[in-house]
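What follows is a set of notes on a single structure, which appears directly below.
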Amino acid sequence: MTPEPRRRDSDNAGHPRPTRAELAAAADRTIPDVLAPRLAVLFVGINPGLWSAATGWHFARPGNRFWPALHQGGFTPRLLHPSEQDELPALGLGITNMAARASARADELSAAELLDGAAILTAKVTRYRPRWVAVVGVTAYRVGFGRPKATFGPQPEPLAGARLWVLPNPSGLNAHFTPVTLGAAFAELRVATGLPDRRPA
């Protein structure tokens with residue numbers, strides 16, 4: 001008898017999880033931005049993880065808290081799955097990264113990559129003209145933009161005409177922020193942008 005093929009595990013939304021081989025093969029890949037002109041907020045991740053590179057979805061790894069924080073902060077009317085990222089521009093939101101290449105951990109990036117990424121990001125902001133840019137990770141922002149003392153929240157200097165904000169890294173590895181405090185940090189940004197709370201009353 002021919003053995004039955006092994007069924008792949010699925011996530012909570014029924015999407016197949018990448019295999020170990022697929023994750024390993026995703027190293028150094030890039031994924032497309034979620035971008036449109038004149039967005040209200042452009043969120044900037046550090047770089048894609050292997051899970052994101054394998055699926056093509058930003059902040060895709062289970063345990064990453066970006067999508068829950070985005071909803072808890074009032075940016076989305078419901079919790080979106082990473083596969084629904086293309087719904088963001090209609091809400092005035094977009095996603096890009098400081099560094100384009102995927103890695104298992106953000107700390108694998110060199111300072112030179114973050115410096116180059118900051119220059120590329122500045123060019124994107126100049127071209128697409130979002131009102132706000134929210135960098136999701138203070139360490140990457142400090143290194144990429146040469147601001148070693150930068151803290152979370154609004155930044156004093158704009159970026160190519162956009163208001164600039166730094167959010168905590170939503171990775172599950174960031175134990176300094178709980179889901180509740182992370183959602184509150186996103187909500188603080190939403191209030192500053194003037195966007196309405198899109199969660200059902």
Side-chain angles (χ1 to χ4, degrees), residues 28 30-31 33-49 52-53 58-59 61 64-67 69-70 72-75 88 92-195:
D28 298 328
T30 61
I31 62 175
D33 293 332
V34 178
L35 261 178
R38 301 187 182 278
L39 295 169
V41 185
L42 177 60
F43 292 94
V44 183
I46 301 170
N47 74 313
S52 288
H58 293 270
F59 301 104
R61 183 179 180 84
N64 190 294
R65 299 167 295 176
F66 174 81
W67 296 99
L70 199 66
Q72 291 164 14
F75 283 103
L88 291 180
L93 311 174
I95 304 176
T96 186
N97 287 289
M98 282 278 287
R101 78 172 180 95
S103 64
R105 293 174 60 99
D107 58 16
E108 295 176 26
L109 298 174
S110 67
E113 285 179 282
L114 291 172
L115 287 165
D116 288 346
I120 293 168
L121 174 63
T122 302
K124 286 180 186 177
V125 173
T126 300
R127 178 181 177 185
Y128 286 94
R129 305 191 64 79
R131 288 196 292 114
W132 290 80
V133 172
V135 179
V136 186
V138 69
T139 302
Y141 174 73
R142 288 170 178 166
V143 174
F145 286 94
R147 301 283 189 271
K149 296 183 179 179
T151 58
F152 298 114
Q155 304 304 305
E157 66 284 334
L159 178 63
R163 298 285 303 277
L164 192 56
W165 194 283
V166 174
L167 287 165
N169 183 348
S171 166
L173 299 175
N174 183 3
H176 296 294
F177 285 84
T178 68
V180 171
T181 57
L182 197 60
F186 274 65
E188 186 181 359
L189 167 63
R190 182 190 54 75
V191 170
T193 66
L195 290 173

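The structure presented is a predicted model; accordingly, all values stated were derived computationally and were not measured. Throughout, numbering of the chain's residues begins at 1 and tracks the sequence.
Contact of the I95 side chain with the F59 side chain is registered, since non-hydrogen atoms from C-beta on lie closer than 4.5 Å. The shortest distance between side-chain heavy atoms of P130 and V41 does not fall below 4.5 Å. The closest side-chain heavy-atom distance from F75 to L189 is below 4.5 Å. Between V135 and L159, every side-chain heavy-atom pair lies at or beyond the 4.5 Å cut-off. At least one side-chain heavy atom of F145 sits under 4.5 Å from a side-chain heavy atom of M98.
Considering only residues two or more places apart in sequence or on other chains, S52 meets the side chain to side chain donor-acceptor pair (under 3.5 Å) condition with none of them. Contacts of A123 classified as side chain to side chain contact (heavy atoms under 4.5 Å, CB included), with partners at least two apart in sequence or in another chain: none. Qualifying side chain to side chain contact (heavy atoms under 4.5 Å, CB included) partners for N47, counting only residues two or more places apart in sequence or in other chains: A99, S103, A106, L109. Partners of R129 under the salt bridge (Lys or Arg N to Asp or Glu O under 4.0 Å) rule, at least two apart in sequence or in another chain, do not exist in this structure. Partners of T30 by side chain to side chain contact (heavy atoms under 4.5 Å, CB included), not counting sequence neighbours, listed by chain and number: A100. Contacts of A184 classified as side chain to side chain contact (heavy atoms under 4.5 Å, CB included), with partners at least two apart in sequence or in another chain: none. Under the rule for a ring pair (Phe, Tyr, Trp, His ring centres under 6.0 Å), Y128 has no partner lying at least two apart in sequence or in another chain. D28 pairs by the salt bridge (Lys or Arg N to Asp or Glu O under 4.0 Å) definition with R101, not counting sequence neighbours.
Legend: side-chain hydrogen bond (donor to acceptor under 3.5 Å, both in side chains) pairs involving residues 116-126, not counting sequence neighbours, sorted by first then second residue: D33-K124, T96-K124. The side-chain hydrogen bond (donor to acceptor under 3.5 Å, both in side chains) analysis of residues 133-144, with sequence neighbours excluded, yields the pairs Y141-E157. Residue pairs meeting the salt bridge (charged side-chain N to carboxylate O under 4.0 Å, His left out) criterion with at least one partner in residues 158-169, sequence neighbours excluded, are absent. Here salt bridge (charged side-chain N to carboxylate O under 4.0 Å, His left out) pairs that include residues 34-43, with residues two or more places apart or in two chains, number zero.
Taking each heavy atom of P48 and N97 in turn, the nearest pair found is CG-ND2, 3.8 Å. Taking all atoms of both residues into account, the shortest heavy-atom contact from L182 to A69 is CG-CB, 3.9 Å. Counting all heavy atoms, side chain and backbone alike, W132 lies closest to A192 at CZ2-O, 3.5 Å. Closest approach of A118 and G144 over heavy atoms only: CB-O, 3.3 Å. The shortest heavy-atom contact between I46 and V136 is CG1-O, 3.7 Å.
R190 places a side-chain N or O within 3.5 Å of a backbone atom of L195 that can act as its donor or acceptor partner. The backbone N or O of L70 lies less than 3.5 Å from no partner atom in the side chain of Q72, so there is not a single donor-acceptor pair.
Ring centroid separation for the pair F66 and F43 comes in under the 6.0 Å cut-off.
Going from atom NE2 of H58 over to atom CG of N64 covers 12.0 Å, rounded to the nearest 0.5 Å. Between the OG atom in S171 and the CZ atom in R61 there is a gap of 8.0 Å [rounded to 0.5 Å].
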